[in-house]
Structure formats: C-alpha cells, structure tokens
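Heads up, the thing below is written out as structure tokens.
Only this structure's heavy atoms are used, side chains among them; waters, hydrogens and symmetry mates stay out. Because the structure is a prediction, the values reported are computed rather than measured.
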2 protein chains.
Amino acid sequence: MLSKKTKYGLKALTYLASVNNREPVQIAEIAKHENISQKFLESILLTLRRNGFLGSKKGKGGGYYLIKEPHEILMTSVMRVLEGPIAMIPCVSLNFYEKCDDCPDEKKCAVHKLMLQVRDSALEVYRNNTLADLIP
Amino acid sequence: MLSKKTKYGLKALTYLASVNNREPVQIAEIAKHENISQKFLESILLTLRRNGFLGSKKGKGGGYYLIKEPHEILMTSVMRVLEGPIAMIPCVSLNFYEKCDDCPDEKKCAVHKLMLQVRDSALEVYRNNTLADLIP
DNA sequence: TTAAAATCTACTAAAACTATAGGGTAAAAG
DNA sequence: CTTTTACCCTATAGTTTTAGTAGATTTTAA
C-alpha cells in the first residue's frame, strides 16, 4: 500500500508545480486545496525541503516553492524519499540492499526472482515520469 | 514492503512445486527447509488451502500438496491472496476498487495517474509468471 | 518595536498492522 | 485407542502509520 505520506507529498508537489509562478505557497493553502491534514502535511513538506525538492520562506508571504523545474524532478527520487525503497524486498533493492537472513542463496530464491522483475518494471515507470508528467 | 506472509507463502509453494511427486508434505518439513516459523507458516498454508491452491491431508502421512500444476498457478492470483491488492492504492485497483474520499476527480489526480502505470507494470510481471517459472 | 504570519521542532498518542506463540480440537492411520 | 498430523482460536509484543499538541523561531509589515 502507498502510504498517505507519499500520496499527500505527491499531491503537494503537483500542486506547487501547477502554480505557474514560483511564489511561495502556504501550507494551509495546499492542505485546503488537497484535503490534507495541515499538521501532517507540514512534516511531509519539511522532509521534501530537507531532501532538496522544495525551498521555504518564513514569515508573512512565506511558504513552500519548487526549487527545480517539474520536468527535472524524477519520480524515482521522489518515491525513494517519501515511500522508501522501490523494491518490495531489500535483497533486490538498488539503493537499500540487504541480505535476507533466512535465505541461503539468492540466485535460487523464488521470491528474489519474482521481485527482481517487479522492481525493474516499477523502476521503469518511475524513471519515465517526472513531476511535469503528472500535472493534469 | 512485501510482507513475510507473502514471502513465506511463495517459498512454501515453490518448495511444494519442486517436490516431483504429489505426496503430502508436512508443515514442519517446509518450515525447516525454508527457515520459517512453523506456527506462522501454518496459518499461511491454511489460507492457501482455503483459496484453492493447496490440498491437505490429516493424520499420519498427512500434510499439504499442490492441487494444480505449477504452470497453471498464476502469480496474479497468488499475490492477491497473500499480499492483497496488486495496486498500491485502491482507486486504481481492478479487484479491490475504492474511491479516494479526499479526491474530487480521479482523472485529474497525479497519484492516480502514476499508480495506474505502476499497477499495469506490476500486473504484467505477475501475469507472465507462474509458479513453474519460479522453481530454480 | 511590536504584532502578526508563517515555518520549524519535538513530543506524544491512538490506531492499525505484522509476526509470532500457545493451547486445544478434529480427523486419519495403524 | 494411540499417535500423528492438520485445524482453529486467542493473545500479544513490536512496529509503523497517521496524525495531534505545544511551543520556538524567523520574517514582514504596521
């Protein structure tokens, strides 16, 4: 299941991308427009800022804004920050690899074999989509 | 993340498929061979039986066995039973569809648009794999 | 220089889900 | 009738998710 964190994060990014100018947009405005709990969204936007997707400005007239052009923002990186590994199991993860402690030989493992394909197909989708592609 | 339930279920199915004859295999044997908690595996095999993948036999010489040929068992149906919906979000699910209550228009939703592609790509993988394809 | 408007930070907590263990019941075989 | 096995129900520790609360900090504008 996709977490609400990721869902809301994607919606917020898309909303910011759809605002043509790059003026800061307040959390409250995003939350209202996308039907998101404002406090929850606050923490999500914070992690997006810390990971280099957003800039912020405090005080009156402040808010969040995109730091790159929408077509430069790949879904692979967005998903990794919001949802974590793209692989469904660590033993097939590119960026978060971990060996299964119960599995003696990955090459012979059925789960490994299947999940490798799933990872590759998901990766292809995320690599073919930038934030610009999601704007309605 | 793939649940251990699914992981163990897949391993158990593969193990049963690799046993050439269709003699019942005891839970304990599967659990030992695949390094799985026996009690947990017990409940997993039960749901696999209830969903038409396995047959069982009680008493001495009993155990679980495949009810169909490995090449007839599609990963789509296995995954749906073990892991649940293949879609990451209900609004793009074929078999478990549900509307998002926070989303006014699916057609304009960025999350919907992205997750539809992810679902399709995952589906293609699962449809192209039967249990027979996972046997080492 | 004060007040208002925002983000930032840390802490807490309810709810849901996951993985597992325990103990007893039912059926099949010998 | 005893052993062996699957079957079934319950509880529970642990983790993750999804927030909510309270306040600190920074910026702008009056």
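Counting any heavy atom pair closer than 4.0 Å across all strands shown, B/Gly61 reaches no nucleic acid atom. Among the protein residues, A/Lys4 comes within range of the sugar-phosphate backbone only, with heavy atoms under 4.0 Å from sugar or phosphate atoms but none that close to a base. When heavy atoms are screened at a 4.0 angstrom cut-off, A/Leu45 is found touching no nucleic acid atom at all.
Rounded to an integer number of Å, the gap from CD of A/Glu29 to P of C/dA6 is 10 Å. To the nearest angstrom, C1' of D/dT5 lies 13 Å from CZ of B/Arg49. Rounded to whole Å, atom C1' of D/dA19 lies 15 Å from atom CG of B/Asp102. One can place CG of A/Leu46 at 15 Å from C1' of D/dA19, the figure rounded to the nearest angstrom. Taking atom CD of residue A/Glu42 and atom C1' of nucleotide D/dA22, one finds them 12 Å apart after rounding to whole Å. Here C/dA6 presents its C1' atom at 10 Å from CD of A/Gln38, a figure rounded to the nearest Å. As rounded to whole Å, 19 Å separates atom P of C/dA5 from atom CD of A/Glu23. In this structure, B/Ile27 atom CD1 and D/dT4 atom P are separated by 16 Å, rounded to whole Å.
On a pure distance criterion of 3.5 Å, no polar donor-acceptor pair joins the side chain of A/Lys39 and the base of C/dT7.
The shortest distance between the side-chain N/O atoms of B/Tyr8 and the OP1/OP2 oxygens of C/dT20 is below 4.0 Å. For the pair B/Ser37 and C/dA21, the criterion of a side-chain N or O lying under 4.0 Å from OP1 or OP2 is met. Phosphate proximity of C/dT7 to A/Arg50: absent, as no side-chain N or O sits under 4.0 Å from OP1 or OP2.
Heavy-atom neighbours of A/Glu106 CD from other residues, nucleotides or ligands within 6.0 Å: above the threshold of 12.
Projected onto DNA chain D by closest heavy-atom contact, A/Lys5 and A/Lys60 fall at different nucleotides, the more 5' of which corresponds to A/Lys5.
Residues passing the ring pair (Phe, Tyr, Trp, His ring centres under 6.0 Å) test with B/Tyr15 are B/His33, sequence neighbours excluded.
Side-chain contact of A/Ser93 with A/Glu98: a donor-acceptor pair under 3.5 Å is absent, judged by distance alone.
Proximity note for B/Lys57 (side chain, C-beta onward) versus C/dA28, D/dC8, D/dT25: the nearest is C/dA28. The side chain of A/Gln26 sits closest to C/dA6 out of D/dC8, C/dA6, C/dT9. For A/Lys58, counting side-chain heavy atoms from C-beta on, the closest listed nucleotide (C/dA28, C/dT7, C/dT20) is C/dT7.
Under a 3.5 Å cut-off, the side chain of A/Asp133 and the backbone N or O of A/Thr130 do form a donor-acceptor pair.
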For residues 66-80 of chain A, dump all side-chain donor-acceptor pairs below 3.5 Å to protein atoms at least two apart in sequence or in another chain.
from, atom 1, to, atom 2, distance (Å)
A/Glu72, OE1, A/Glu69, N, 3.0
A/Ser77, OG, A/Leu74, O, 2.9

